[in-house]
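A short write-up of the structure that comes next.
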Amino acid sequence: MAQSINITELNLPQLEMLKNQLDQMYVPGKLHDVEHVLIDVGTGYYVEKTAEDAKDFFKRKIDFLTKQMEKIQPALQEKHAMKQAVMEMMSQKIQQLTALGAAQATVKA
């Protein structure tokens, strides 16, 4: 929600938004009471908050997720480097086996 609307502008009289219908279909809608909003806190739970509390909630959530991303980034980079090394090793082995198979085919012919 923080990306689809500017959370610092929740005091607009009739804020336009996209309302989730089903799982992946969104339809246009308007908030008539921008002082009290429902926010999705996860796993199907919604909480009614004031606009100011909603701003604080999203700021804390963004900060938390940013910190979590920063924590796991070094591990992801290490895993990516390991994957690249494994892929390179497999490529070398495949080339060796291909060359060996071609050599054996030449000897038999």
Side-chain angles (χ1 to χ4, degrees):
M1 181 175 180
Q3 290 180 346
S4 63
I5 63 169
N6 185 349
I7 60 175
T8 61
E9 297 176 359
L10 283 176
N11 56 358
L12 298 174
Q14 290 190 342
L15 181 66
E16 291 188 23
M17 58 175 248
L18 293 176
K19 183 174 183 272
N20 190 356
Q21 295 289 349
L22 305 172
D23 268 343
Q24 297 178 359
M25 185 177 85
Y26 290 84
V27 296
K30 290 186 182 224
L31 291 177
H32 293 283
D33 180 10
V34 294
E35 289 303 315
H36 297 90
V37 293
L38 283 178
I39 59 172
D40 184 354
V41 293
T43 62
Y45 289 97
Y46 294 85
V47 176
E48 182 176 339
K49 291 188 173 279
T50 64
E52 204 56 43
D53 288 343
K55 289 179 200 177
D56 292 339
F57 172 80
F58 285 120
K59 184 179 179 337
R60 286 192 316 271
K61 189 168 187 173
I62 289 168
D63 291 343
F64 172 76
L65 292 174
T66 302
K67 287 177 186 173
Q68 294 302 313
M69 286 174 27
E70 290 169 355
K71 280 183 185 177
I72 65 170
Q73 190 171 10
L76 288 174
Q77 289 173 340
E78 182 181 335
K79 298 251 184 223
H80 180 72
M82 290 171 55
K83 176 190 158 216
Q84 290 298 107
V86 168
M87 294 292 286
E88 193 174 308
M89 186 66 79
M90 288 176 61
S91 178
Q92 289 175 358
K93 294 289 184 183
I94 289 171
Q95 287 176 356
Q96 288 174 355
L97 288 172
T98 304
L100 182 64
Q104 288 178 350
T106 305
V107 170
K108 288 183 179 179

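Residues: numbered from 1 along the sequence shown.
Hydrophobic clustering, defined by side-chain heavy atoms of Ile, Leu, Val, Met, Phe, Trp and Tyr closer than 4.5 Å, leaves Ile94 isolated from every other such residue. In the hydrophobic clustering (ILVMFWY side chains linked at under 4.5 Å, chained through shared members), Met87 stands by itself.
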TODO: Would you check, one step at a time, whether the test side-chain contact (heavy atoms from CB on, under 4.5 Å) holds for His80 with Gln77?
DONE: CA-CA 5 Å; His80 180 72; Gln77 289 173 340; 5.6 Å; no

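Closest approach of Thr66 and Ile62 over heavy atoms only: OG1-O, 2.7 Å.
In this structure, Phe57 CZ and Glu52 CD are separated by 15.0 Å, a value rounded to the nearest 0.5 Å.
Every residue two or more places apart in sequence or in another chain that forms a side-chain contact (heavy atoms from CB on, under 4.5 Å) with Phe64 is listed here: Gln68. Residues forming a side-chain hydrogen bond (donor to acceptor under 3.5 Å, both in side chains) with Asp53 (at least two apart in sequence, or on another chain): Thr50. Not counting sequence neighbours, the partners of Glu48 by the side-chain contact (heavy atoms from CB on, under 4.5 Å) test are His36, Leu38.
For residues 63-90, the salt bridge (charged side-chain N to carboxylate O under 4.0 Å, His left out) pairs, not counting sequence neighbours, are Lys59-Asp63.
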